[in-house]
There are 2 protein chains.
Amino acid sequence: MTCGERTGLGRVGLSNVFYSASGCRLNLVLPTSGRRVPCEQCPLRAMPGFRSFAANELQFISSFKTGELVAETGATLLSEGAHSSHLYTLLSGWAFRYKVLADGRRQILNYMLPGDLIGLQGSIIGEMEHSVEALSTSVLCVFQRDRLSELFRNHPGLGFDITWLAAREERMLDDHLLSLGRRTAMERAAYLLAFLHQRAVSVGLVSDKNLFIPITQQHVADTLGLSIVHTNKTLRKLAERGLIQWLDRSCEVIDVQGLMALAEWEGLPEGGRPLI
Amino acid sequence: MTCGERTGLGRVGLSNVFYSASGCRLNLVLPTSGRRVPCEQCPLRAMPGFRSFAANELQFISSFKTGELVAETGATLLSEGAHSSHLYTLLSGWAFRYKVLADGRRQILNYMLPGDLIGLQGSIIGEMEHSVEALSTSVLCVFQRDRLSELFRNHPGLGFDITWLAAREERMLDDHLLSLGRRTAMERAAYLLAFLHQRAVSVGLVSDKNLFIPITQQHVADTLGLSIVHTNKTLRKLAERGLIQWLDRSCEVIDVQGLMALAEWEGLPEGGRPLI
DNA sequence: CGTGGGGTTGATTGACCTCAACCCCCGTGG
DNA sequence: CCACGGGGGTTGAGGTCAATCAACCCCACG
């Protein structure tokens with residue numbers, strides 16, 4: 001067996017709790033009336049690596065945003081099968097999206113960091129085929145999904161940007177596929193941590209000190225397609241080599257170059273990235 | 001080792017031959033001056049499942065297309081690292097895209113069938129990070145990549161369509177990731193063949209008789225992340241169960257429902273699909 | 001008539017899974 | 001107050017799925 005089916009039924013049961021209500025752990029997703037962050041002064045926009053926007057584009061984005069949402073760690077932001085899902089941008093925090101097989105085997109597909117769109121598939125095609133969960137306390141910008149066609153009509157540059165973001169996601173998934181299909185456990189783990197590190201760097205989460213990635217070994221296992229036991233042993237080896245350090249429920253990356261070399265991964269192309 | 005590194009160096013060497021020239025086996029990619037298929041009478045467009053287009057959209061698409069290209073089996077249509085890559089739509093035939101690690105391990109990322117865009121990532125972001133190869137003799141519509149922004153500007157509906165296609169690709173990659181990460185060899189093989197079958201059905205390649213998928217067991221192995229030996233044994237088991245039949249260098253799907261049940265795969269959502 | 005691609009098969013090896021403990025920590029409630 | 005349970009992490013022993021190695025067949029092709 002390829003494993004991945006939660007060690008006990010505890011976690012699956014927990015998941016069911018998530019779904020059973022309205023598909024959203026409401027007690028953990030707090031809608032904030034009004035906004036705290038005006039798009040024009042969005043701290044993300046100021047970061048290097050993001051492209052600059054014309055005034056009218058910014059104005060539209062600002063009107064496109066209806067408010068903010070705060071989600072606690074573990075909150076389900078979107079769930080598989082929901083028909084009319086929302087469209088968000090992650091403003092701060094970490095999240096991930098995943099799919100599960102009927103018997104509980106879970107596969108994490110990708111991670112979201114500040115600036116990433118959440119729910120685009122659902123907004124464009126109609127139905128969500130994956131779920132999204134917050135890895136840390138997160139703030140989301142909420143958009144009016146039904147104005148997407150207006151966005152494409154009146155702001156072609158922004159329409160292009162959304163395609164750009166979709167193409168970028170596709171590229172990340174390509175890398176993940178290569179990893180799952182053709183890398184060893186050790187290489188996969190090294191790739192994943194280097195990948196998350198680079199993404200965090202690109203949105204300024206690293207600064208001078210090292211980065212702490214807020215994931216558990218269960219997340220790593222479900223991303224790499226490994227059992228949790230083997231994941232533990234693999235991470236331990238990476239730690240012994242001085243590449244990472246594992247803390248309570250987070251991972252500190254110590255030597256990114258070493259990780260990238262081990263995985264023979266080149267890194268993502270950077271810069272010129274849009275922000276809706 | 002997760003394997004995948006061609007059994008000998010023969011295949012890697014062969015690949016090098018592909019790249020060494022101009023990144024394209026020119027003798028196998030024949031540019032056809034002028035077009036044979038006017039967009040307005042494109043046989044694909046007539047198929048159910050494709051959305052209908054306004055006259056002015058069709059007119060633009062027609063002018064966006066500069067000609068056709070014929071590629072023989074094995075021809076490299078696009079190659080990794082190329083900076084100014086082309087944008088195509090596959091008009092007929094099969095193709096696949098893939099990545100390779102430095103030591104030759106190859107991972108097939110997805111397959112292209114008639115109606116699929118080829119080279120979108122490269123056209124949007126700039127650089128290709130994967131290669132594309134024809135699985136059968138294929139005909140491609142060639143587009144003027146540098147008029148993409150004009151497309152978004154003057155035909156927002158088409159811009160939305162391109163995003164739609166990107167989101168659809170993303171969804172397929174999600175499914176592949178789930179497969180590689182969490183399904184057994186048997187389930188993976190069943191999923192892949194059911195997937196290819198369904199895609200072929202959706203573009204009318206099946207009609208009344210059964211479908212023959214033009215792939216070798218090496219392709220299956222490189223898609224599923226398995227060794228070729230184990231792939232052979234797995235396909236043999238599927239054949240013994242009466243789900244498929246393996247022919248010389250193609251696979252006949254006999255019982256799609258059986259394959260889908262084995263992989264517990266629901267199928268892709270259908271219909272309303274655009275065609276650029 | 002050799003060579004190379006595609007496919008097939010058995011024997012052996014090994015990477016990774018499963019099972020089963022056990023630790024620490026923290027929140028809950030008797 | 002302490003017992004209990006659950007999440008996260010760790011470790012060893014044994015089992016299995018899939019990789020590797022090594023043949024061999026068929027056929028097209030030069």
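Quick note on labels: first sequence line is chain A, next is B, and so on, each numbered from 1.
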- Message: Quiz question: by atom type and distance under 3.5 Å, do the side chains of A:S179 and A:H176 form a donor-acceptor pair?
- Response: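 The answer is no; no qualifying pair exists.
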
- Message: Any donor-acceptor pair under 3.5 Å linking the side-chain atoms of A:T137 with those of A:E72?
- Response: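 Distance-only check passes for A:E72 and A:T137.
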
Could you state the [atom1]-[atom2] distance from [X] to [N], rounded to the nearest angstrom?
| X | N | atom1 | atom2 | answer |
| --- | --- | --- | --- | --- |
| A:W246 | D:dT10 | CH2 | P | 9 Å |
| B:I228 | D:dA23 | CD1 | P | 18 Å |
| A:N232 | D:dG9 | CG | C1' | 6 Å |
| B:I213 | C:dG6 | CD1 | P | 17 Å |
| A:D248 | C:dC23 | CG | C1' | 13 Å |
| B:E252 | C:dG7 | CD | P | 15 Å |
| A:D222 | C:dC17 | CG | P | 11 Å |
| B:H230 | C:dT8 | NE2 | C1' | 15 Å |

- Upstream residue (5' side of DNA chain C) when A:T231 and B:L247 are each assigned their closest nucleotide: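 Nearer the 5' end of the strand: B:L247.
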
Could you work out which one of [options] sits closest to the side chain of [X]?
| X | options | answer |
| --- | --- | --- |
| A:V229 | C:dT18, D:dA19, C:dT9 | C:dT18 |
| A:K233 | D:dG12, D:dT20, D:dT10 | D:dG12 |
| A:S227 | C:dC17, D:dG9, D:dA19 | C:dC17 |
| B:R249 | C:dC17, C:dG6, C:dT9 | C:dG6 |
| A:Q217 | C:dT8, D:dT10, D:dA19 | D:dT10 |

- Message: I want to check one thing: is the phosphate of C:dG7, taken as OP1 and OP2, less than 4.0 Å away from some side-chain N or O of B:R236?
- Response: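 For C:dG7, neither OP1 nor OP2 has a side-chain N or O of B:R236 closer than 4.0 Å.
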
- Task: Determine the interplanar angle of the B:F96 and B:Y98 rings, folded into 0 to 90°, and report it as parallel if under 30°, tilted if 30 to 60°, perpendicular if over 60°.
- Result: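 Tilted: the ring planes of B:F96 and B:Y98 meet at 30° to 60°.
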
- Query: Hey, does the side chain of A:Q198 reach the backbone of A:L268 with a donor-acceptor pair shorter than 3.5 angstrom?
  - Reply: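 Indeed, once roles are kept as given, a pair shorter than 3.5 Å links the two residues.
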
- Message: Ring of B:Y111, cation from B:R199 - is the NZ or CZ under 6.0 Å from the centre and inside 45° of the axis?
- Response: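 Judged by the rule (NZ or CZ under 6.0 Å from the ring centre, within 45° of its axis), B:R199 is not positioned above B:Y111.
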
